[in-house]
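Have a look at the structure below before the remarks.
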Amino acid sequence: MTDLQSGRRWAKWILLMLFAWAAVSSAVVLPYVHIHWQDEVQIVEIARGGIVDKPECWSMLASGNPKVDAQAWAIYYVGGWLLEQAYKLAGHLGPRCLTMTAFALLALVFGFYLYKKTGDGILSAMLALLLWSFPPLQLCARGVRADILALLFASLSLLTLQIRGQSNGGRCAIFALAGGLYALSVFTWISAALLAPVVLWEMCDRLISEKQPLKSWIVAIGSAGVTAGLLALAILLPFLIRWNETVEVSKVIWSINTNVSAEAGHWLWKELAICLVQPPGLYVFGGLLLFTQRRFFLLAVGFVGFLFVCLITKVYSTRLVDFLPYDLIASALGISMMKACRWRRGLYVVVGLMALLAYGRTYVVRNLTDFRCRHYRDFAVMRPIVEKSIGRDLSVYADTFQLYYIGRELGWKQYHYIVQWLLPPADLLKKVDCVITEANAEKKGMRDLLVSNGFAFAERLEMPSEPETWLSRHFSIPTKSGHLIGPFNVYRRILTGGGG
């Protein structure tokens, strides 16, 4: 056995052990990896009770307009629908199981796609491990964001295009399937629209490599477009009979999701730079490699164009995860196409170091921290406390998302104003028996508003103290607000009326 073969064998064993530790440790801490929070709850709320004509009048994205609140708040509802079905099947951990499983499948699918593009198993495996460890992406998976599901469908579209059909009909069928999968990804979570240049580039890259004539280009890409259009129409069909309400709620959601730059009064250069340079540095590394080959021209244009869109609207770490396919493709192909061996080896080392840095942060430090914090994120501990103190079958204004699933189990009608940073309107408060807020993050003016609308402070709910252990005596836990369950302030109605 040569030194090269021996090195590859050891690399495979190391990668296998890293994947095994990540899978086992993540399964152990699954119930404690994240509190239930705004993004998770509001995505699940898209399809709770149906897509249109919802039978239940309450909503955690309540606008106050009954017609608007009687339908899904987003036309891209597939991700929310899948997560709602997961909740019905497996309770409050069902959506998290779905996104964590999709996260692993995403790494597997995208790694196999890169292998089909490059033929380099080790490089593809390292990049797959980097994808599976990338900190903002693992936040999407642990925090139950639909981005993970959308990225998986888009990656399946790219992998589908690696199937080589020998006939024109076979090629068109493959392109049609790829187009359908991409359309599904967009209606799973709308930010997948940022991946349009990646899918189009892959189609063009294949047709160029096969030296197809212009007619074949038109037929193949047309097949993808027609399939995508038909699927989009089928998904949108429930909203066509309620078009005015759909437009109205879409305007509100668009405003909420794009107003950061306008409110700041400037483009979000600083916020973008912080997101791009965060460890392990994949955005910068892959972004630079995008400009090393003519082959990447369409990818580079899409990358820069959509970064500009984010710059003038809204920038945050989980929005930028849709740029990962650009970076990973540029990294894999850019390195494998390099002719200078010393440069190629050096970049192999850089990829390996990025993968280890991301892996250590996600599957060693993060998983051990989550295990250490398990008592303070234990849903099962908080549930009986809430049931005993507040009760069942109530109407509740929940200015917190942490108790959402407990509320559903207890039969609550839960309301939360759609504009998160504003105090709730009086009309919504008239519908409820009690109000729950996060004690450490209660909005300014909330208590005065509640008192003026007939509520009084009733009690404070919090997790019981952790039983003393060796770990608790020697190591402290993070106490940043929002990372742990509670504490909560409870207000009850003292005047007659309300309680819808």
Ring centres under 6.0 Å, that's the criterion: do His36 and Tyr405 meet it? yes
Shortest non-hydrogen separation from Pro135 to Pro279 and the atoms involved: CG-O, 4.2 Å
Expected output: side-chain His416 to main-chain Ala398 donor-acceptor under 3.5 Å: yes
Checking Asp327 side chain against Gly287 main chain: does a donor-acceptor pair fall under 3.5 Å? yes
How many angstroms lie between OG in Ser155 and CG in Leu106, if you round to the nearest 0.5 Å? 4.5 Å
Is a side-chain donor or acceptor of Trp73 paired with a backbone partner of Ile43 at a separation under 3.5 angstrom? no
Does some side-chain heavy atom of Leu207 sit less than 4.5 Å from a side-chain heavy atom of Arg171? yes
Say you draw a straight line from CZ of Phe379 to CD1 of Ile406; how long is it, rounded to the nearest 0.5 Å? 4.0 Å
State the CG-CG distance between Leu123 and Leu114, to the nearest 0.5 angstrom. 7.5 Å
Flag yes if more than 12 heavy atoms outside Tyr115 fall under 6.0 Å of its OH atom; otherwise flag no. no
Keeping the roles fixed (side chain from Ser336, backbone from Leu333), state whether a donor-acceptor pair exists under 3.5 Å. yes
One thing to verify: whether Glu210 and Arg206 come together as a salt bridge, which I'm taking to mean a side-chain N less than 4.0 angstrom from a carboxylate O. yes
So, Asp69 versus Ser59: side-chain donor-acceptor pair below 3.5 Å or not? no
Any non-hydrogen side-chain atom of Ile329 less than 4.5 Å from a side-chain atom of Leu299? yes
Would you name the heavy atoms of Leu131 and Leu324 that are closest together and state the gap between them? CD1-CD1, 4.1 Å
Who passes salt bridge (Lys or Arg N to Asp or Glu O under 4.0 Å) against Asp370, sequence neighbours left out? Arg142, Arg366, Arg377
Has Trp343 got more than 12 heavy atoms of other residues, nucleotides or ligands less than 6.0 Å from its CH2? no
Does any N or O in the side chain of Tyr415 come within less than 3.5 Å of the main-chain N or O of Met60, such that one atom is a donor and the other an acceptor? no
Donor-acceptor contact below 3.5 Å, side chain Arg374 vs main chain Val33: no
Check: Trp132 ring centre within less than 6.0 Å of Tyr359 ring centre: no
Is the number of heavy atoms from other residues, nucleotides or ligands under 6.0 Å of Phe285 CZ greater than 12? yes
Go through it in stages, so that I can follow the logic: the residues are Tyr283 and Phe134, the test is ring-ring contact (aromatic ring centres under 6.0 Å, His included), and I'd like the CA-CA distance, side-chain angles, deciding distance and then a yes or no. CA-CA 11 Å; Tyr283 289 128; Phe134 195 69; 5.3 Å; yes
Minimum heavy-atom separation for Ser26 and Met100, please, with both atom names. CB-CE, 4.1 Å
Distance only, no hydrogens: is a donor on one side chain within 3.5 Å (strictly under) of an acceptor on the other, for Gln42 and Gln420? no
Go through it in stages, so that I can follow the logic: the residues are Phe323 and Phe306, the test is side chain to side chain contact (heavy atoms under 4.5 Å, CB included), and I'd like the CA-CA distance, side-chain angles, deciding distance and then a yes or no. CA-CA 9 Å; Phe323 291 98; Phe306 281 124; 3.7 Å; yes
Do Tyr363 and Trp21 make the cut of ring centroids closer than 6.0 angstrom? no
Specify the closest pair of heavy atoms between Leu30 and Arg96, including all atoms of both residues, with the distance to one decimal. O-NH1, 2.9 Å
Quick one: does Tyr113's side chain get under 4.5 Å of Glu202's, heavy atoms only? yes
Lys54 side-chain N/O to Arg48 backbone N/O, donor-acceptor pair under 3.5 Å: yes
Output the distance between atom CG (Leu139) and atom OG1 (Thr362), rounded to the nearest 0.5 Å. 10.0 Å
So do Ile148 and Leu137 actually touch side chain to side chain, heavy atoms under 4.5 Å? yes
Measure from the ring center of His92 to the ring center of Tyr87 and say whether it is less than 6.0 Å. no
Do Leu320 and Cys310 come close enough that some side-chain heavy atom pair is under 4.5 Å? yes
From CA spacing to verdict: side chain to side chain contact (heavy atoms under 4.5 Å, CB included), Leu353, Val349: CA-CA 6 Å; Leu353 290 174; Val349 172; 4.0 Å; yes
Does atom CZ (Arg164) have a neighbourhood of more than 12 heavy atoms from anything else shown, all under 6.0 Å? yes
Show the nearest heavy-atom pair for residues Val304 and Phe291, with the distance to one decimal. CG2-CZ, 3.7 Å
Would you mind checking if Arg242 and Asp53 are paired as a salt bridge, meaning a charged N to carboxylate O distance below 4.0 Å? yes
I'd like to check Ser191 versus Val321 (side-chain heavy atoms, cut-off strictly below 4.5 Å). Are they in contact? no
If you look at every heavy atom in Leu194 and Pro197, which pair is closest and at what distance? O-CD, 3.5 Å
Please check if the side chain of Gln278 supplies one atom and the backbone of Cys275 the other of a donor-acceptor pair under 3.5 Å. yes
Once you round to the nearest 0.5 Å, how far does NZ of Lys117 lie from CG of Leu328? 14.0 Å
Go through it in stages, so that I can follow the logic: the residues are Met203 and Tyr182, the test is side chain to side chain contact (heavy atoms under 4.5 Å, CB included), and I'd like the CA-CA distance, side-chain angles, deciding distance and then a yes or no. CA-CA 12 Å; Met203 291 179 178; Tyr182 175 64; over 6 Å; no
Indicate, with yes or no, if the rings of Tyr326 and Phe303 have centres closer together than 6.0 Å. yes
State the CD1-CD distance between Ile218 and Gln212, to the nearest 0.5 angstrom. 12.5 Å
Does a side-chain heavy-atom distance below 4.5 Å link Phe103 with Gln138? yes
Stacked cation flag Arg295 on Trp201, 6.0 angstrom / 45 deg: no
Is there a side chain to side chain contact (heavy atoms under 4.5 Å, CB included) between Trp243 and Val247 once you walk through the steps? CA-CA 6 Å; Trp243 189 250; Val247 171; 3.4 Å; yes
Side-chain H-bond candidate by donor/acceptor type, Glu45 with Tyr404, under 3.5 Å: yes
Are Leu368 and Val29 packed together at the side-chain level, in the sense that at least one heavy-atom pair is separated by less than 4.5 angstrom? no
Looking at Leu130, is its backbone amide N or carbonyl O close enough to the side chain of Ser133 to form a donor-acceptor pair, meaning the two atoms are under 3.5 Å apart? no
Worked verdict on Arg319 versus Asp147 for salt bridge (charged side-chain N to carboxylate O under 4.0 Å, His left out): CA-CA 8 Å; Arg319 169 166 286 189; Asp147 312 66; over 6 Å; no
So, Tyr77 side chain and Ile235 main chain: donor-acceptor pair closer than 3.5 Å or not? yes
